[in-house]
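Note that ligands are numbered from 1 as they come in the structure, with each ligand's atoms numbered from 1 the same way.
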Amino acid sequence: MRSVLITGAAGGIGTRLRKLMKGMYPEIRLSDRATPKDLKADETFVAADLADPAAVERLVEGIEGIVHLGGVSVEDAWEPILQSNIIGLYNLFEAARRKGVKRVVFASSNHAVGFYPRQRKIGIDEPVRPDSRYGVSKAFGEALGALYAHKHGLRVTSLRIGNVDDQPVDKRRLSIWLKPEDLVQLIRIGLEHPDIRCEIMYGVSDNERAWFDNGNAFRLGYRPAGRGEESREAALAAQAKLPLDPIGDWYQGGTFCSAEYDNPLEPRRD
Ligand SMILES: NC(=O)c1ccc[n+]([C@@H]2O[C@H](COP(=O)([O-])OP(=O)(O)OC[C@H]3O[C@@H](n4cnc5c(N)ncnc54)[C@H](O)[C@@H]3O)[C@@H](O)[C@H]2O)c1
């Protein structure tokens with residue numbers, strides 16, 4: 001892998017990855033529609049709006065691998081999600097196909113499956129259960145990636161990222177926390193592992209309370225270093241200050257599930 005494009009480079013994860021992945025590949029091209037505030041003289045940055053197909057096609061020229069972080073990263077109105085996460089994602093995969101990009105690592109989310117109850121452990125074979133318009137856009141991204149993998153031979157890895165932070169900050173995050181260095185490990189598997197065709201992996205660290213069977217990532221060599229449980233006391237103390245949320249506390253997706261919730265039926269138990 002000689003040339004890697006990181007989209008969403010001005011965002012929270014992008015800002016971390018710029019430091020953690022520096023020098024890891026001969027060329028790292030950064031992109032976002034916003035210029036990173038702390039851009040260094042030795043970094044290559046190309047501004048592009050994902051919703052602009054011509055700009056995206058220019059952006060991926062000469063690139064072998066894409067780490068696709070760009071897009072709306074929380075729940076939002078339909079229009080911004082449509083532009084960045086649906087149209088923008090299509091533009092990215094289509095440009096990748098046309099320009100001969102070999103691999104894409106797509107930042108999917110636990111919110112693609114957020115409506116599974118916390119008492120259930122899920123793998124990668126259960127149907128998606130998005131908990132928001134945002135979650136639907138991530139399920140769409142996984143499906144689009146699968147199309148380009150199976151039809152065009154792009155090697156695609158969708159990472160269902162839990163929550164990237166220095167440590168888990170509440171009870172839910174004890175289950176879904178992802179140490180930034182572990183994310184780098186998963187990205188490198190997606191960019192480099194010879195067996196990658198079309199993969200889904202959970203972007204979570206070695207958390208005792210994980211709700212996910214991450215066997216596919218382990219099969220491909222993932223050895224997470226982060227242990228969420230080491231932050232148990234602080235996370236549970238922070239949780240104690242939060243209001244009860246009967247729907248959000250029941251489902252894996254948390255407040256993404258309870259927001260706008262008006263289902264008169266009993267919460268799903270399975
Ligand atoms: N932070 C997490 O813990 C987490 C968890 C699950 C999934 N993810 C996913 O990982 C990715 C990065 O997350 P983040 O926390 O850094 O998000 P972020 O919101 O901090 O960064 C996203 C970046 O994408 C850019 N962007 C949005 N729309 C764009 C467009 N149309 N064209 C070009 N750039 C555009 C924004 O300017 C922003 O800099 C997102 O796709 C998010 O959905 C993050």
Counting heavy atoms only, which of [options] is nearest [atom]?
{"atom": "atom 32 (N) of ligand 1", "options": "T35, I13, L50", "result": "L50"}
{"atom": "atom 43 (O) of ligand 1", "options": "W177, F106, Y134", "result": "Y134"}
{"atom": "atom 31 (N) of ligand 1", "options": "S84, G141, P36", "result": "S84"}
{"atom": "atom 26 (N) of ligand 1", "options": "S31, G8, G71", "result": "G71"}

Specify the protein heavy atom at minimum distance from [atom]: its residue, its atom name, and the distance to 0.1 Å.
{"atom": "atom 23 (C) of ligand 1", "value": "D32 OD2, 3.6 Å"}
{"atom": "atom 19 (O) of ligand 1", "value": "S73 OG, 2.6 Å"}
{"atom": "atom 3 (O) of ligand 1", "value": "V164 N, 2.8 Å"}
{"atom": "atom 34 (N) of ligand 1", "value": "R33 N, 3.3 Å"}
{"atom": "atom 21 (O) of ligand 1", "value": "G11 CA, 3.3 Å"}
{"atom": "atom 10 (O) of ligand 1", "value": "A107 CB, 3.4 Å"}

Could you list which atoms of ligand 1 come closer than 4.0 Å to a heavy atom of [X]?
{"X": "A10", "value": "39 (O)"}
{"X": "S109", "value": "6 (C), 7 (C)"}
{"X": "N163", "value": "3 (O)"}
{"X": "A48", "value": "32 (N), 33 (C)"}
{"X": "G162", "value": "3 (O), 5 (C), 6 (C)"}
{"X": "I161", "value": "4 (C), 5 (C), 6 (C), 7 (C)"}
{"X": "D49", "value": "30 (C), 31 (N), 32 (N)"}
{"X": "S108", "value": "6 (C), 7 (C)"}

Is a salt bridge present between [X] and [Y], judged by a nitrogen-to-oxygen distance below 4.0 Å?
{"X": "D165", "Y": "R172", "answer": "no"}
{"X": "R219", "Y": "E199", "answer": "yes"}
{"X": "R103", "Y": "E64", "answer": "no"}

Fill in: Plane angle bin for F256 and H111 - parallel if under 30°, tilted between 30 and 60°, otherwise perpendicular
parallel
Practice prompt. Look at the rings of F106 and H68 and say which category their plane angle falls in: under 30° parallel, 30 to 60° tilted, over 60° perpendicular.
Written response: parallel
Worksheet item: Counting only N and O atoms by type, is there a donor-acceptor contact under 3.5 Å from the side chain of Q185 to the main-chain atoms of R223?
Response: yes
Fill in: Linked hydrophobic residues, Y116 as query - side chain contacts closer than 4.5 Å
V113, I122, I124, I176, I200, Y202, V204, W211, F212
For [X] and ligand 1, does the shortest N/O to N/O distance drop below 3.5 Å?
{"X": "G12", "answer": "yes"}
{"X": "A51", "answer": "no"}
{"X": "H68", "answer": "no"}
{"X": "L69", "answer": "yes"}
{"X": "N110", "answer": "no"}

Within the structure provided, determine whether [X] and [Y] are in side-chain contact (heavy-atom separation under 4.5 Å).
{"X": "N207", "Y": "S175", "value": "no"}
{"X": "D131", "Y": "Y251", "value": "no"}
{"X": "L20", "Y": "E181", "value": "yes"}
{"X": "E229", "Y": "R209", "value": "yes"}

Worksheet item: Taking it one step at a time, do L5 and S31 satisfy side chain to side chain contact (heavy atoms under 4.5 Å, CB included)?
Response: CA-CA 7 Å; L5 166 69; S31 183; 4.0 Å; yes
Worksheet item: Do L191 and L154 share a hydrophobic cluster, counting only Ile, Leu, Val, Met, Phe, Trp and Tyr and linking them when any side-chain heavy atoms are less than 4.5 Å apart?
Response: no
Practice prompt. Walk me through it: do K99 and E57 pass the test side chain to side chain contact (heavy atoms under 4.5 Å, CB included)?
Written response: CA-CA 7 Å; K99 294 294 176 183; E57 196 158 316; 3.4 Å; yes
Worksheet item: Are H111 and ligand 1 in contact, using a heavy-atom cut-off of under 4.0 Å?
Response: no
Worksheet item: How about E142 and S158: does a side-chain donor come under 3.5 Å of a side-chain acceptor?
Response: no
Worksheet item: Heavy-atom contacts under 4.0 Å between Q83 and ligand 1: side chain, backbone, both, or neither?
Response: neither
